[in-house]
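Both ligands and their constituent atoms are indexed starting at 1 by order of listing.
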Amino acid sequence: MVDAMRLPVTVLTGFLGSGKTSLLNQWLRHPQVQDTLVIVNEFGEVGLDHLLVAHQQDQPMVVELSNGCLCCQLRSDLKQTLKDIHWRFSRNGVRQFKRVVIETSGLADPVPILHTLMTDAYVAAAYQLDGVVTVVDSLLGLATLEQHPEAVKQVQMADRILLSKTDLADVDSPACEGLHAELHRLNAMAPISQLDTALVNTAGLGLLFGIGVEHGFPHWLPMLAAPASHGAEVTTLSLELQQPIPQVDFEQWLALLRAYDNPGLLRFKGIFQIAGEQSPVAVHRVQHVLHTPEPLRDWQGQHQRSQLVMMTQSGIGQEESQLLQPLARFVV
Ligand SMILES: Nc1nc2c(ncn2[C@@H]2O[C@H](COP(=O)(O)OP(=O)(O)OP(=O)(O)O)[C@@H](O)[C@H]2O)c(=O)[nH]1
């Protein structure tokens, strides 16, 4: 039975660059879910996801929690946010949202987040956990599970597993079959769905919402007692460019980013201001894969400056500096 007094919360997780924000953006376009408030958490000092989510909606309800993981440094911030949003997002005393999605950072352990939702007296009285949805990259998922314990935990805690980037991977290949087997080994309880575009529609909304896990006995309940676990240290570097970049310099630098072969680079994301262009362009590299740059609709009221975030496992050394060097003249 749904408790109408408590707002449903979906925890959307998945490793760095797996496709959480892209998925959310597609679903938030549906009229049925426009009354969703999104809390986005980013590991780096500067968060870009609130801009990437917001650019899809006319009246975005997005709260950004950056510079740490919700599972450790920002736990009390999450509690406070869940308390504040009731009045922050009210108009004439009427709350403007009916459900909440928490998009975790790609490095988050979902356990402490669930702990906060289910054990803090105020939070548990006002919210009910709808379910944990974990996005797994079809192309990089298997290697990521081998190398990153955070990704394993995210899969183990899932009530639903959604496979992204099925357009980039051969879903019948042994690698994809291996990924399916590994996901099943780690979590036999969570149904696995391939996220082709057919599912990201109204019928597919049930993959993200209405899971109702708290009304049953979540298979991960015994794991709530486990301490938060992070794998290897990750260094983040954020950069803001003061000057717009001419198209030709942008293309040249993109070629450098495409060719860069340091496996220590886990994630790069940037929103670029191109000289002479009104709208920004988003650039994503996930491990060694550079995705096609995406033009965004607008700047959502933000100052129009390029912002970049880089996450590495090898620190920021000479190689990383060389990669960023061509952008240096646009910093001042
Ligand atoms: N071709 C293709 N690209 C995708 C798909 N899903 C996501 N991407 C691309 O993958 C890149 C990363 O996607 P995001 O949605 O930013 O991933 P994320 O999980 O939110 O990333 P973090 O917040 O850094 O953890 C972007 O360039 C997306 O356009 C997909 O199904 N197919």
Side-chain angles (χ1 to χ4, degrees), residues 10-29 38-56 62 64-71 101-110 133-141 144 148 150-151 154-155 158 161-171 176 179 193-201 204 207-208 230 234 236-238 254 257-258 265-272 280-297 307-313:
T10 304
V11 175
L12 179 63
T13 189
F15 198 66
L16 291 169
S18 54
K20 301 176 289 296
T21 307
S22 309
L23 167 66
L24 204 50
N25 272 336
Q26 292 183 64
W27 263 316
L28 288 176
R29 283 184 211 147
V38 181
I39 299 175
V40 280
N41 170 223
E42 288 204 76
F43 193 73
E45 193 182 340
V46 173
L48 299 183
D49 275 359
H50 65 292
L51 294 179
L52 296 170
V53 172
H55 91 98
Q56 296 282 2
V62 183
E64 180 205 7
L65 294 175
S66 56
N67 206 12
C69 267
L70 285 182
C71 63
V101 174
I102 300 176
E103 181 188 337
T104 76
S105 90
L107 295 169
D109 177 348
V133 178
T134 301
V135 183
V136 175
D137 183 325
S138 305
L139 201 62
L140 301 173
T144 301
H148 299 285
E150 299 91 340
Q154 292 165 351
V155 166
I161 295 174
L162 303 181
L163 284 177
S164 64
K165 309 191 190 179
T166 49
D167 55 319
L168 299 180
D170 175 1
V171 288
C176 276
L179 175 60
S193 304
Q194 289 189 8
L195 267 184
D196 51 34
T197 43
L199 275 180
V200 187
N201 59 19
L207 293 173
L208 197 60
H230 275 295
V234 171
T236 67
L237 175 80
S238 309
L254 217 50
L257 181 65
R258 187 174 289 110
L265 178 57
L266 284 181
R267 183 79 168 100
F268 174 90
K269 59 183 150 184
I271 297 183
F272 283 86
V281 175
V283 173
H284 294 271
R285 183 172 142 146
V286 181
Q287 300 177 40
H288 61 273
V289 177
L290 181 67
H291 287 276
T292 311
E294 276 168 70
L296 302 183
R297 202 172 65 172
Q307 294 178 62
L308 329 174
V309 176
M310 193 168 171
M311 297 187 192
T312 77
Q313 256 189 329

Is there any N or O on L23 that sits under 3.5 Å from an N or O of ligand 1? no
Between ligand 1 and S22, is the shortest N or O to N or O distance under 3.5 Å? yes
Evaluate the side-chain proximity of K20 to V40: yes if any heavy-atom separation is below 4.5 Å, no if none is. no
Please work out which of G106, P293, G19 has its closest non-hydrogen atom nearest to atom 17 (O) of ligand 1. G19
Among R267, R285, E294, E103, closest by heavy atom to atom 24 (O) of ligand 1 is R267
Nearest 0.5 Å, please: how far is CG in D137 from NZ in K165? 4.0 Å
Residue selection (non-hydrogen contact nearest atom 10 (O) of ligand 1) among Q26, Q194, K165: K165
Under 4.0 Å, heavy-atom basis, I'd like to know which part of K20 is in contact with ligand 1: side chain, backbone, both or neither. both
Report yes if G17 has an N/O atom closer than 3.5 Å to an N/O atom of ligand 1; otherwise report no. yes
Please confirm whether T292 comes within less than 3.5 Å of ligand 1 when only nitrogen or oxygen atoms on both sides are compared. no
Check for me whether M311 has a heavy atom closer than 4.0 Å to any atom of ligand 1. no
As an exercise, identify every atom of ligand 1 less than 4.0 angstrom from a heavy atom of L16. 25 (O)
Polar contacts were defined as any N/O atom of the residue lying under 3.5 Å from an N/O atom of the ligand; does this apply to K269 and ligand 1? yes
Can you see which heavy atom on R285 is nearest to which on L257, and at what distance? NH1-O, 2.7 Å
Please name the residue in the list M310, Q287, H288 that meets the side-chain contact (heavy atoms from CB on, under 4.5 Å) test with L265. M310
Under a 4.0 Å heavy-atom limit, does T21 contact ligand 1 with its side chain, its backbone, both, or neither? both
Restricting to side-chain hydrogen bond (donor to acceptor under 3.5 Å, both in side chains), what partner residues turn up for S18, sequence neighbours left out? none
Quick check: do L16 and L107 have side-chain heavy atoms less than 4.5 Å from each other? yes
Taking only residues two or more places apart in sequence or in another chain, which ones pass ring-ring contact (aromatic ring centres under 6.0 Å, His included) with F272? F250, W253
For the student: nearest non-hydrogen atoms of A151 and F15, plus distance: CB-CD1, 4.0 Å
